[in-house]
Amino acid sequence: MRLLYFAWLRAKIGIGHEEVEVPDHVRDVAGLLAWLKSRGPGYAEALADLRVVRTAVNQAYVKPDHPVGRDDEVALFPPVTGG
Amino acid sequence: MRLLYFAWLRAKIGIGHEEVEVPDHVRDVAGLLAWLKSRGPGYAEALADLRVVRTAVNQAYVKPDHPVGRDDEVALFPPVTGG
Amino acid sequence: MTIRVEAADFDPGAELAALTRGKPGIGGLVSFVGLVRDLAGETPIAALTLEHYPGMTERQLGELEAEANRRWPLDATLIIHRVGRLEPGDRIVLVAVASAHRDAAFDACRFLIDWLKTRAPFWKMEETSDGPRWVVARAEDDAAAAHWLEHTG
Amino acid sequence: MTIRVEAADFDPGAELAALTRGKPGIGGLVSFVGLVRDLAGETPIAALTLEHYPGMTERQLGELEAEANRRWPLDATLIIHRVGRLEPGDRIVLVAVASAHRDAAFDACRFLIDWLKTRAPFWKMEETSDGPRWVVARAEDDAAAAHWLEHTG
């Protein structure tokens, strides 16, 4: 699975993107976020308040119950502030 | 009194402006319009339907009961169509 | 807070750049450009001639600008309206409003063009294949302007 | 129906002229230009850096443009959004909409910038005298975007 991080999520996690092998029990966005939190203090800090984390799967906004699989591109980022 | 005519009112009356001596009984816009109608067929035609005639006295929109005097600039024109 | 009535064409890019130059508090700039259309309903239009009432025009536009500035916190406003003969595709009018916030800029720009269309003494004569004809005021324009009497954005 | 995301500045006058060229059915052209402000609240801002999600940005903006064209009869739309480091007074974004009628152009332009601000994956980092900080999304922007869910102009 390809993971992308933007803005302060990228800064806290320390990288902009990575390829990961997720465990079999990770089936949806909520499961993915829970697993990521366990991967280190940067992840835990970035994902401490999920109210300010948005998720896109394959470049479309999704909700926590959206399924994720090994071929997906999953992006995590704060609420957008362009324009 | 200085009178100004615009758009199709100017075309029907045949002139863009004139200086007139109005009779003493003409005290307001309604009286002025009634008097002007009597001045010839062009005036009568231009002022036949007063619903489509707007009046400005000294460059401000006024209603038929607005007073007019010899030193005023009075303009007659159709509803505006700029922009 | 600039108003110009002129026969010459204007350059929207240069006008917009000048409006915001040296004012770094401006966050949003909304502009409206009105253009001569080639059709009026289904009638082809070869040209328009715009007539106005010099003096009253500037006075009415000045009052509209002052009213917009009373209603919204604006950093800059600009109204340019052309007169004379114009052809399809030609620019007729530019209304531009700059503000710290986009909502104020949008509301004020729309207010200015809505009221300009019903209050500023301009008249259009169209040249058609049946000859010239004066444009009739649109009831929708009156409704758009009246909206602002009840509504302060 | 053009979308561009780029570091370079744009020329609003040239962009607006290109948008309407050769389309004499256009009666109104509404544009919004967003600029970098020198203050965020009361904090002086030295610069902004704009980051985005390449690919998703263009996809989201394309969906917004398609939605605007479903809702209103439009002749042309344009969205340009800059990325990278920008200073106060610099242009950030241009949204322009042309239509036969001004109401459609105003509504669609406002719809596009409202939704862009809440859906397009851009993020701003401000440089202040206290160091860099990420801009926090505004509740007003969510409200402005939500308005269009109930309202078709």
Side-chain angles (χ1 to χ4, degrees), chain A residues 1-20 28-30 32-33 36-37 41-83, chain D residues 3 5 32-37 40 48-64 79-84 86 91-95 109-126 131-142 144-145:
Chain A
M1 183 181 299
R2 179 169 173 78
L3 296 177
L4 299 164
Y5 312 114
F6 292 98
W8 53 257
L9 275 129
R10 174 179 48 69
K12 286 182 176 173
I13 291 171
I15 52 175
H17 56 89
E18 60 183 327
E19 296 285 338
V20 296
D28 59 17
V29 167
L32 175 66
L33 295 174
L36 282 172
K37 273 191 195 181
Y43 293 92
E45 192 194 342
L47 302 172
D49 181 359
L50 293 179
R51 291 173 303 177
V52 290
V53 176
R54 299 288 176 269
T55 308
V57 172
N58 300 327
Q59 307 187 349
Y61 287 103
V62 298
K63 299 199 163 157
D65 61 354
H66 190 88
V68 294
R70 65 170 56 239
D71 295 328
D72 286 333
E73 173 177 300
V74 181
L76 307 181
F77 47 78
V80 302
T81 58
Chain D
I3 289 165
V5 179
F32 173 80
V33 177
L35 301 157
V36 181
R37 293 174 59 194
L48 280 184
T49 298
L50 265 149
E51 171 176 335
H52 78 125
Y53 179 0
M56 182 170 172
T57 308
E58 292 80 358
R59 187 174 154 159
Q60 286 290 317
L61 294 178
E63 288 180 9
L64 294 190
I79 301 174
I80 303 175
H81 201 299
R82 296 177 67 192
V83 292
L86 303 174
R91 287 177 276 263
I92 304 171
V93 62
L94 171 66
V95 177
C109 187
R110 198 160 184 172
F111 166 85
L112 285 171
I113 185 66
D114 283 353
W115 276 30
L116 182 155
K117 281 188 175 260
T118 56
R119 302 214 173 179
F122 293 98
W123 301 275
K124 291 189 185 104
M125 193 190 65
E126 295 169 340
R133 65 181 191 191
W134 290 94
V135 174
V136 174
R138 297 164 70 236
E140 302 96 286
D141 286 334
D142 286 336

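Worth knowing before you read on, the calculation uses all heavy atoms, side chains too, and leaves out hydrogens, waters and symmetry mates. Keep in mind that this is a model prediction, so the values were computed, not measured. Below, chains carry the letters A, B, ... as their sequence lines are ordered, and counting in each starts from 1.
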Return the minimal non-hydrogen interatomic distance between [X] and [Y], and the atom names on each side.
X: A:Val80; Y: D:Lys117; value: CG2-O, 3.4 Å
X: D:Met56; Y: A:Ala56; value: SD-CB, 3.5 Å
X: D:Arg59; Y: A:Gln59; value: NE-O, 3.8 Å
X: D:Val93; Y: A:Gly83; value: CG1-C, 3.8 Å

> Between A:Thr81 and D:Trp123, is any pair of side-chain heavy atoms under 4.5 Å apart?
Replying inline: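 Contact flag for A:Thr81/D:Trp123 side chains = yes.
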>> Under a 4.5 Å cutoff for heavy-atom pairs, which residue among A:Pro78, A:Pro79, A:Ala60 has the most contacts with chain D?
In response: A:Pro78
> If you count heavy-atom pairs under 4.5 Å between each of D:Arg119, D:Lys124, D:Met125 and chain A, which one has the most?
Replying inline: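 Looking at each option in turn, the highest pair count goes to D:Lys124.
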> Should the heavy atoms of other residues, nucleotides or ligands under 6.0 Å from CZ of D:Arg138 be counted, would the total exceed 12?
Replying inline: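 Yes, enclosed.
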> chain D heavy atoms under 4.5 Å from A:Arg10: which part of the residue, side chain, backbone, both or neither?
Replying inline: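 Just its side chain gets close to chain D.
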>> Is D:Gln60 in contact with chain A via its backbone, its side chain, both, or neither, using a 4.5 Å heavy-atom distance?
In response: side chain
> So what's closer than 4.5 Å to chain A heavy atoms on D:Val136: side chain, backbone, both or neither?
Replying inline: backbone
>> Nearest 0.5 Å, please: how far is CZ in A:Phe77 from OH in D:Tyr53?
In response: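 That separation rounds to 7.5 Å.
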